[in-house]
Trainee: 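Just dropping this structure here.
This one's a predicted model, so the numbers in the text were calculated from it and none came from an experiment. Only heavy atoms go into these numbers, but all of them, side chains included; no hydrogens, no water, no symmetry mates.
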Amino acid sequence: MADLKQLLCFSCLLVSVYCDYNADVSALVARIEQLELRDAAKQRKINELEDANVELFKQLDKRDATQQRKISELVEANEELFKQLEQRDVVQQRKIGELEAKEERLSLELTELKVQLELKSCECDKLLDNGTFMDSEDITDNNRKHKNREVRMAPEEEIAFYATHTQHDILHLGANQVLTFDNIVTNIGNAYSNYSGVFVAPVQGTYVFHATVMGRSVHDVTHNKYAAHFDVDGSIYSRLFGSAYDQSSQMLIIDLNPGQSVSIRNEHIDEGFIGTHYTTFSGFLLFQHDTVGVVVGK
């Protein structure tokens with residue numbers, strides 16, 4: 001009987017232990033399930049944050065692209081505006097040159113008329129002193145003789161300029177952009193504009209121009225060479241070509257009519273040159289054409 005009781009007690013103990021074990025296992029399983037649910041929730045939040053970051057980066061990329069387009073549009077608009085201003089300045093300079101040339105022609109014509117008037121006055125005084133008069137045919141023939149006595153007179157226009165640049169480094173030039181020499185040393189006749197960098201011929205004549213350029217920033221596409229040229233009313237004449245930090249010089253002798261323009265233009269985009277007194281532009285009137293007057297006498 002005692003063994004049976006012990007066996008029953010041991011069995012009860014085993015059942016109690018088994019029940020406690022099952023309870024612990026159930027609690028552990030429930031805890032694991034809670035942890036898994038919490039981990040899944042955290043993972044969902046992480047995924048949501050990653051998606052939000054991806055969308056944010058996409059929006060930032062779109063905004064950056066939009067801003068870049070606007071910047072490019074503004075740059076192009078500014079370049080177009082500068083071109084229009086340069087063209088307007090050239091047209092205005094040409095008109096000024098034409099008006100000055102017209103004023104000079106009118107001045108010469110006025111001088112000729114004054115001389116002819118003095119000649120006629122002298123003829124009339126002689127006729128009155130001699131008490132004789134000439135008929136209209138004799139007067140016409142006499143005037144014709146005086147008109148044939150035409151020679152060069154009237155002083156020529158004084159035109160000369162020399163300009164350099166106030167800055168040392170002039171970078172990021174556009175293709176075919178005018179090099180503006182803004183530091184005027186000499187400008188007799190005011191035919192050169194330090195705002196546009198353009199010389200406009202005020203009178204018809206033969207002109208001499210000289211330019212020296214020292215290249216600054218160059219690119220592989222130009223084989224490390226800097227290039228510029230003389231521009232006369234849109235036509236290319238003498239070219240300046242050299243290595244970086246080397247000076248290139250050219251002289252141009254050309255006949256110009258009033259209003260024609262001369263400038264130095266950069267050739268390749270995003271180039272640059274060294275300014276101050278390393279890069280210069282100068283020119284002068286060698287001699288003027290068609291300065292005709294009247295000489296009194298035989």
Side-chain angles (χ1 to χ4, degrees), residues 1-87 165-180 182 213-228 241-246 265-276 278-279:
M1 288 293 293
D3 293 336
L4 183 59
K5 288 181 178 180
Q6 290 178 356
L7 182 60
L8 289 174
C9 289
F10 182 74
S11 298
C12 290
L13 181 61
L14 287 175
V15 170
S16 177
V17 170
Y18 178 75
C19 291
D20 291 339
Y21 174 76
N22 284 338
D24 291 340
V25 170
S26 298
L28 182 60
V29 170
R31 181 62 177 168
I32 291 172
E33 290 177 351
Q34 290 177 357
L35 291 174
E36 289 178 347
L37 291 174
R38 186 180 299 174
D39 184 69
K42 290 181 179 180
Q43 189 62 41
R44 284 197 300 273
K45 289 183 178 180
I46 291 172
N47 292 335
E48 291 174 356
L49 289 173
E50 289 179 349
D51 293 339
N53 285 336
V54 170
E55 184 63 26
L56 179 61
F57 278 116
K58 288 181 180 179
Q59 293 178 0
L60 290 175
D61 289 339
K62 290 180 180 179
R63 185 179 301 175
D64 183 71
T66 301
Q67 292 176 347
Q68 190 63 39
R69 285 196 301 271
K70 290 182 178 179
I71 292 172
S72 299
E73 292 173 357
L74 289 174
V75 170
E76 292 177 357
N78 286 336
E79 290 179 353
E80 183 64 25
L81 180 61
F82 278 119
K83 289 181 181 178
Q84 292 177 0
L85 290 176
E86 287 178 356
Q87 293 175 355
H165 212 286
T166 55
Q167 299 182 17
H168 184 272
D169 294 320
I170 296 86
L171 306 176
H172 308 299
L173 296 171
N176 206 38
Q177 180 177 340
V178 176
L179 304 190
T180 305
D182 59 343
V213 177
M214 176 180 282
R216 173 66 171 83
S217 61
V218 295
H219 302 284
D220 292 337
V221 68
T222 60
H223 303 290
N224 291 326
K225 301 292 184 180
Y226 177 80
F241 195 72
S243 302
Y245 304 104
D246 285 340
R265 291 181 179 266
N266 178 67
E267 291 202 355
H268 302 292
I269 191 170
D270 204 31
E271 292 286 9
F273 64 92
I274 296 177
T276 60
Y278 295 99
T279 299

Trainee: State the CG-CD distance between Leu28 and Glu33, to the nearest 0.5 angstrom.
Mentor: 10.0 Å
Trainee: For His168 and Ile274: C-alpha separation, side-chain torsions, deciding distance, then whether side chain to side chain contact (heavy atoms under 4.5 Å, CB included) applies.
Mentor: CA-CA 5 Å; His168 184 272; Ile274 296 177; 3.7 Å; yes
Trainee: Find the distance between CD (Gln177) and CD (Glu79) and round it off to the nearest 0.5 Å.
Mentor: 8.5 Å
Trainee: Kindly give the heavy-atom pair with the smallest separation between Thr166 and Thr276, and that separation in Å.
Mentor: O-CG2, 4.2 Å
Trainee: Could you give me the CA-CA distance, side-chain angles and deciding distance for Ile170 and Thr180, then say whether side chain to side chain contact (heavy atoms under 4.5 Å, CB included) is met?
Mentor: CA-CA 10 Å; Ile170 296 86; Thr180 305; over 6 Å; no
Trainee: Between Asn47 (side chain only) and Gln43 (backbone N and O only), is there a donor and an acceptor less than 3.5 Å apart?
Mentor: yes
Trainee: Please assess Leu179 against Arg265 for the test side chain to side chain contact (heavy atoms under 4.5 Å, CB included), listing each intermediate value before the final yes or no.
Mentor: CA-CA 6 Å; Leu179 304 190; Arg265 291 181 179 266; over 6 Å; no
Trainee: Per the side-chain hydrogen bond (donor to acceptor under 3.5 Å, both in side chains) rule, what does the pair list look like for residues 54-70, sequence neighbours excluded?
Mentor: Thr66-Arg69
Trainee: Quick one: does any side-chain atom of Asn266 pair with a main-chain N or O of Gly174 as donor and acceptor, under 3.5 Å?
Mentor: yes
Trainee: From Asn78 CG over to Leu85 CG, what is the distance, rounded to the nearest 0.5 angstrom?
Mentor: 10.0 Å
Trainee: How are the rings of Tyr226 and Phe273 set to each other: parallel, tilted or perpendicular (split at 30° and 60°)?
Mentor: tilted
